[in-house]
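Following: one structure in structure tokens, then a few remarks.
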Number of protein chains: 2
Amino acid sequence: MSLIGPAKIGPWNKFMILKSQVEWALHCCAILAGLPDGRYLSTKALAEFHGLPKEYLSKALQGLSQAGLVDTSLGPSGGYRLAKPPAELTFLEIVEAVEGRQRTFVCTNIRANNPCRPKDHCESSPCAVARIMWEADEAWRAKLRGVKLSDLVGILSQEVAPELWKSSFEWVLERAG
Amino acid sequence: MSLIGPAKIGPWNKFMILKSQVEWALHCCAILAGLPDGRYLSTKALAEFHGLPKEYLSKALQGLSQAGLVDTSLGPSGGYRLAKPPAELTFLEIVEAVEGRQRTFVCTNIRANNPCRPKDHCESSPCAVARIMWEADEAWRAKLRGVKLSDLVGILSQEVAPELWKSSFEWVLERAG
DNA sequence: CGAAATAAGGATATCTTTTGTCCTTGATAG
DNA sequence: CTATCAAGGACAAAAGATATCCTTATTTCG
């Protein structure tokens, strides 16, 4: 059997996908980057601004907090702010804070099941297949490590319509404690 | 709140992960690469060699078949063989045949929920966040596109113990139709 | 021709992960 | 003192991954 052209897309249209919380966290950090010094923005405001479920967004923000990327404050006028300048915060840090640090390829070492293999056989190094897949993972990480939050803010400040940029800034300021 | 050092690993130790079928498909292709011209190896043999559930492995091989990476043959002495030389078959092709071609980052365009946004507002270009994430995806793909199946075979032929290499080859030959 | 082996693939079951809600606790500002 | 906040535990629903079983059409071999 053979098909002409690229793979027929059957049940295989679903790919490994990052959690939606990663998208949420990145957008939230972009907003926090515009916050004046010493002020905080609450989960409620961030959820409302992005049209997201507040309780679930909270889990993503807790991830950022546990990773030390944001500072938090309790009580009225509390919320989140960045723990360091946007120029020192990378995409990779944000992604990993929410999604974790595990590789996308997990080696289950199926070479060990080879029936020709002596029982006491011991592998010297990780499986070659895994090493290659891990290199691709590292290329992905390297790319994200090279992008700072300040880069995103720079792009947005050019792309977003000036009126929208301004009104959004004011919207946030009204709610920042 | 702040924690010293890297992210605390809580429930976040699970990362987006490729299907185990990707690993299986790569190892199976490595075996098929050593098959003499015109011969086929069955799902049954591939499953037994790698210690995998035959019926489920079959789904992965069907993915390879639908993508045109392997040829199949029915009946006794039937099975799979590569549809092209190992030097022309990339890791990316194999991974995508099983896992699909979708990006790891899905943009749900949450910027559209911005309450400051006019209702008739229309975006010119994809979200900047998505574009950055997609560049990382492309770096991952580029890396896998650069690795040929023949590269893997080359590494394995050097790393695998010569006796094991030889006995495995013979094991496969005995079962190849 | 008939029997055995094969790939293709549909139907179904189970387990894990993702997504989301609800509630309690302790801290803080006004 | 009260309202508001983050942290986080418990729980539920939906989606995806990991299988297993069965049917169908095809091919080889005796």
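A note on names: the letters A, B, ... follow the listed sequences, proteins ahead of strands, and every chain is numbered from 1. Everything quoted here is computed from the prediction, not taken from an experiment.
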- prompt: Considering only heavy atoms, which members of residues 78-86 of chain A lie under 4.0 Å from some atom of DNA chain D?
  reply: Gly78(A), Gly79(A), Tyr80(A)

- prompt: Partners of Ser168(A) by side-chain hydrogen bond (donor to acceptor under 3.5 Å, both in side chains), sequence neighbours excluded?
  reply: Asn114(B)

message: Looking at Thr43(A), I'd like to know whether one of its side-chain N or O atoms comes within less than 4.0 Å of OP1 or OP2 on dA6(D).
response: yes

field: Spacing between Lys19(B) atom NZ and dT16(C) atom P, to the nearest angstrom
entry: 18 Å

- prompt: side-chain contact (heavy atoms from CB on, under 4.5 Å) between Val106(A) and Ser20(B): does it pass, once the steps are laid out?
  reply: CA-CA 8 Å; Val106(A) 172; Ser20(B) 55; over 6 Å; no

- request: Tell me whether the OP1 or OP2 atom of dA8(C) has a side-chain N or O from Thr72(B) closer than 4.0 Å.
  value: yes

- request: Establish, with yes or no, whether the OP1 or OP2 oxygen of dT18(D) is under 4.0 angstrom from a side-chain nitrogen or oxygen of Ser20(B).
  value: yes

field: Transitive ILVMFWY side-chain link Leu74(B) to Leu35(B), under 4.5 Å
entry: no

task: Looking only at side-chain atoms of Ser42(B), point me to the closest of dA8(C), dT6(C), dT28(D).
output: dT6(C)

message: Between Lys166(A) and Glu170(A), does any NZ, NE, NH1 or NH2 come within less than 4.0 Å of an OD or OE carboxylate oxygen?
response: yes

- prompt: Can you tell me how far P of dC5(D) sits from CZ of Arg175(A), to the nearest Å?
  reply: 12 Å

message: Measure CD/Gln21(A) against C1'/dT21(C) and give the value in whole Å, please.
response: 14 Å

field: Nearest-Å distance for atom pair OH/C1', residues Tyr56(A) and dA14(D)
entry: 11 Å

task: Please report, rounded to the nearest Å, how far the C1' atom of dA17(D) is from the CD atom of Glu23(B).
output: 15 Å

- request: Take Lys44(B) and Trp24(A), find for each the nucleotide of DNA chain C with the closest heavy atom, and name the residue whose nucleotide sits nearer the 5' end.
  value: Lys44(B)

- request: Could you tell me the separation between the NZ atom of Lys59(A) and the C1' atom of dC5(D), rounded to a whole number of Å?
  value: 15 Å

message: Do Arg145(B) and Glu138(B) make a side-chain contact, defined as non-hydrogen atoms from C-beta onward lying under 4.5 Å apart?
response: yes

- prompt: Side-chain donor-acceptor pair under 3.5 Å between Asn113(B) and Arg111(B), yes or no?
  reply: no

message: Grouping I, L, V, M, F, W and Y whenever their side-chain heavy atoms are under 4.5 Å apart, do Leu69(B) and Leu144(B) come out in a common cluster?
response: yes

statement: To the nearest angstrom, the CG-P distance between Leu41(B) and dA5(C) comes to 16 Å

- prompt: OP1, OP2 of dA7(D) versus side-chain N and O of Ser65(A): anything below 4.0 Å?
  reply: yes

- prompt: For Ser77(A) and Pro53(A), take the nucleotide of DNA chain C holding the closest heavy atom to each; which residue's nucleotide lies nearer the 5' end?
  reply: Pro53(A)

task: Please tell me which of Pro76(A) and Glu55(A) maps to the more 5' nucleotide of DNA chain D, matching each residue to the nucleotide holding its nearest heavy atom.
output: Pro76(A)

- prompt: Should Gln66(A) be listed as having a side-chain N or O under 4.0 Å from OP1 or OP2 of dG8(D)?
  reply: yes

- prompt: Rounded to the nearest Å, what distance is computed from the CG atom of residue Leu18(A) to the C1' atom of nucleotide dT17(C)?
  reply: 14 Å

